[in-house]
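Letters A, B, ... are given to chains in the order of the sequence lines, protein chains preceding strands, and every chain is numbered from 1.
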Amino acid sequence: MADRNTFRLMLLILGLVFAFLYIPISVLVGLSFNEGGLPTAWTGFSVKWYGSLLEDADILKAAGNTLIVAVSSTILATILGTLLAVGVEIRRRNGKWLETIIFAPMIIPDIVLAIALLSMFSLLNIKMGLHTITVSHVVFNLAFVCAVVRARLKSFDWSIVEASADLGASTMITLYRVVIPVLMPAIVAGGLLAFTLSVDEFIIAFFTAGAGRSSITLPMQIFAMIRFGVTPEINALATIVISVSVVALALSQRLNKGGLPGQ
Amino acid sequence: MTTDRRPLLLMTPALLWLTALMVIPCALILVLAFFRRGIYGGIEYTWTLENLALVFDPLYFRIFLKSAGIAGLSAAIACVLGYAAAYAIAAMPRRRQPTLLFFAVLPFWSNYLVRTYAWIVLLNREGLIVNIARWLGYNGELPSMLYTEQTVIVGLVYNYLPFVILACYAPLSRMNPEVTEASRDLGASAWTTFRRITLPMTVPGIATGFVFVFVLSIGNFVTPALLGGGQFQMIGNLVYAQFLTANDWPFGAALSMVLILVMLGLLMAQAVVAERASNGKGQSDG
């Protein structure tokens with residue numbers, strides 16, 4: 001009997017925690033489809049707030065910028081992160097400092113990295129814009145790609161690499177035709193993760209975008225809108241942004257069975 | 001293939017990238033903290049300890065302590081809730097656990113701004129909570145729910161809870177059920193078993209969760225800016241102001257340096273906790 005009560009208590013805890021996690025987001029998503037746009041009354045289902053997003057030139061421009069930054073930083077981070085992961089796992093015995101440098105981008109407070117990059121770019125007189133946001137995003141993105149690929153490499157059968165070498169393949173051929181294909185699901189999973197991180201990243205982009213509105217990204221646009229107040233348009237935009245993350249994460253999870261991102 | 005230089009070659013591009021865009025900029029911050037602020041906001045290249053002294057000036061140190069207090073409280077609440085949730089997930093049937101964990105962590109990967117904004121939607125003066133209160137027949141003035149310290153804490157807990165669940169679930173799921181069964185068979189109550197067996201074995205997860213939430217909260221700038229209202233200041237907002245409005249970069253750098261030191265100290269403490277726990281496993285039967 002005691003066990004059954006314990007189990008019920010556990011279900012109750014789970015119910016409460018999941019309610020806490022999901023109610024705020026659900027309210028937001030729900031209101032984005034409310035025709036009246038106000039939380040006071042449900043006046044009917046409508047997608048008109050999504051339509052009005054499409055007419056907002058600022059939002060479209062910001063979305064375009066975000067896409068440019070996210071795609072280019074993801075490609076760069078996926079290449080660098082994968083090579084790093086393979087190198088680190090072949091070497092096996094890595095010093096503490098190396099592990100720290102690889103791990104640091106995931107734990108360092110965004111604000112610190114953001115001002116550090118801003119200081120460096122300005123002292124070097126580098127003109128800031130989408131390119132500086134992109135190279136900055138690669139820093140944390142490559143760390144996440146590396147973590148996902150390394151997790152996959154833990155169960156990697158290195159004898160196939162030896163077999164490939166024995167059969168006369170060079171290191172590059174082995175990497176390209178043996179290692180990379182086996183790792184592909186993890187590489188794509190890591191890339192998708194990097195993509196969502198970049199799409200959602202605000203603080204580093206905010207500091208490294210430079211002056212003016214030309215290189216504003218979607219999170220920067222959302223931040224500016226939120227400071228104005230709650231509007232149905234933000235609800236709709238927020239819903240789209242959440243959907244992008246959820247889809248990318250679900251795909252990443254599907255490809256990379258057995259390991260949750262971050263685990 | 002294990003002794004040659006080829007692995008280093010593979011690692012070089014990424015390590016160069018991290019050096020140029022993380023190590024050097026962070027080192028730059030450390031140097032910047034010791035320079036003087038120029039009269040017109042630039043940097044004067046003479047050494048000084050004034051910026052660091054200013055961090056410990058009561059005016060600013062108060063903000064530091066307040067940030068640490070808020071971060072500590074948020075981390076503690078997140079750990080209690082997160083541990084409970086992780087414990088509950090680990091108590092569910094094995095095959096359901098991955099799905100539950102996935103949905104517990106899912107919000108963590110959606111946009112931070114949006115998750116924070118969701119609380120504004122919920123708590124603002126025309127928000128859902130106020131409407132529910134009115135609908136229930138309450139017509140009086142409600143206390144302000146937005147732009148308070150408590151709202152900031154709720155926002156931080158909400159945003160970082162999934163990570164704590166993940167961190168606590170890892171050691172809980174690895175626990176051998178026979179250990180707790182043995183404890184129960186030997187006559188220990190469920191509570192004693194939890195306190196003397198389960199909790200000590202899963203402390204590293206809690207430590208990881210706590211340090212993570214604390215570090216990300218103390219330097220947070222978005223949550224105080226959005227949920228704390230315009231006047232609310234935490235260290236993150238202070239750093240932001242030095243760089244983007246007050247134009248006192250050396251002082252901003254000094255503040256960041258202290259943040260980095262706090263972070264490093266906590267990470268080391270966490271490593272010690274993890275090490276003790278793994279050493280203790282072999283001896284706990286003594």
So which of Ile242(A), Thr196(A), Leu12(A), Leu117(A) has the biggest tally of heavy-atom pairs under 4.5 Å with chain B? Leu117(A)

Contact residues of residues 110-119 of chain B (partner chain A; heavy-atom separation under 4.5 angstrom): Ser110(B), Asn111(B), Leu113(B), Val114(B), Arg115(B), Tyr117(B), Ala118(B), Trp119(B)

In terms of heavy-atom pairs under 4.5 Å, which option from Val199(A), Ile79(A), Asn235(A) contacts chain B the most? Asn235(A)

Is there a side-chain contact between Ile108(A) and Cys26(B) in this structure, where contact means two heavy atoms from C-beta onward sitting under 4.5 Å apart? yes

Among Ile23(A), Leu123(A), Ile222(A), which residue forms the greatest number of heavy-atom pairs with chain B at distances under 4.5 Å? Leu123(A)

How long is the straight-line distance from CG of Leu18(B) back to CG of Leu84(A), given to the nearest 0.5 Å? 7.0 Å

So which of Ala250(A), Ser245(A), Ala248(A), Ala104(A) has the largest heavy-atom pair count under 4.5 angstrom toward chain B? Ser245(A)

Met22(B) portion near chain A, given a 4.5 angstrom heavy-atom threshold: both

Which portion of Leu113(A) sits near chain B, non-hydrogen atoms under 4.5 angstrom: side chain

Using heavy-atom distances under 4.5 Å, tell me whether Val139(A) contacts chain B through its side chain, its backbone, both, or neither. both

Are there over 12 heavy-atom neighbours, none belonging to Tyr22(A), within less than 6.0 Å of that residue's OH? yes

For chain B, which candidate among Ser26(A), Ala238(A), Pro109(A), Ser119(A) shows the most heavy-atom pairs at distances under 4.5 Å? Ser119(A)

Can you tell me which portion of Leu255(B) sits under 4.5 Å from chain A's heavy atoms? Options are side chain, backbone, both or neither. neither

Report yes if the distance between the aromatic ring centroids of Tyr158(B) and Phe20(A) is under 6.0 Å, otherwise no. yes

Quick check on Ala20(B) against chain A: is it the side chain, the backbone, both or neither that has a heavy atom closer than 4.5 Å? backbone

Heavy-atom contact with chain B under 4.5 Å, split by part of Val29(A): neither

dist Ile111(A):CD1 -> Asn220(B):CG (nearest 0.5 Å) comes out at 8.5 Å

Quick check on the interface: out of Ile102(A), Thr100(A), Leu98(A), who has the most heavy-atom pairs with chain B under 4.5 Å? Leu98(A)

Reported CG-to-CZ distance for the pair Leu226(B) and Phe223(A), which is rounded to 0.5 angstrom: 5.0 Å

Could I get the full list of ring-ring contact (aromatic ring centres under 6.0 Å, His included) partners for Trp191(B), not counting sequence neighbours? Phe194(B)

Using the side chain to side chain contact (heavy atoms under 4.5 Å, CB included) criterion, which residues pair with Ala241(B)? Sequence neighbours excluded. Thr245(B)

Can you tell me which portion of Leu11(A) sits under 4.5 Å from chain B's heavy atoms? Options are side chain, backbone, both or neither. both

Which atoms of Thr132(A) come close to chain B, meaning under 4.5 Å heavy atom to heavy atom: side chain ones, backbone ones, both, or neither? neither

What part of Val23(B) gets closer than 4.5 Å to chain A, counting heavy atoms only: side chain, backbone, both or neither? side chain

Is it the side chain or the backbone of Val138(A) that comes within 4.5 Å of chain B heavy atoms, both, or neither? both

Atom CD1 of Ile226(A) and atom CD1 of Ile120(B): how far apart are they, to the nearest 0.5 Å? 6.0 Å

Which atoms of Ile218(B) are under 4.5 Å from chain A, going by heavy atoms: the side chain, the backbone, both sets, or neither? neither

Which bit of Tyr240(B) is near chain A, if near means a heavy-atom gap under 4.5 Å: side chain, backbone, both or neither? both

Against chain B, label Leu175(A) side chain, backbone, both or neither, depending on which of its atoms sit under 4.5 Å from a heavy atom there. side chain

Tell me, side chain or backbone of Ile25(A) under 4.5 Å from chain B's heavy atoms, or both, or neither? both

Taken in chain and number order and not counting sequence neighbours, the residues that satisfy salt bridge (Lys or Arg N to Asp or Glu O under 4.0 Å) with Glu99(A) are Arg150(A)

4.5 Å side-chain heavy-atom contact, Phe102(B) and Leu249(A): yes

Measure the CG-CZ distance between Leu21(B) and Phe140(A) for me, rounded to the nearest 0.5 Å. 12.0 Å

Side chains of Leu197(A) and Trp109(B): does their closest heavy-atom pair fall under 4.5 Å? yes

Please classify the contact of Ile235(B) with chain A as side chain, backbone, both or neither, using a heavy-atom distance under 4.5 Å. neither

What distance do Ile24(B) atom CD1 and Met120(A) atom CE have between them, rounded to the nearest 0.5 Å? 7.0 Å

With a 4.5 angstrom heavy-atom cut-off, which part of Leu259(B) approaches chain A: side chain, backbone, both or neither? side chain

Highest number of heavy-atom pairs under 4.5 Å with chain A: which of Leu100(B), Thr12(B), Thr19(B)? Leu100(B)

Less than 4.5 Å to any heavy atom of chain B: does that hold for the side chain of Ile101(A), its backbone, both, or neither? both

Heavy-atom distance under 4.5 Å to chain B: side chain of Val88(A), backbone, both or neither? both

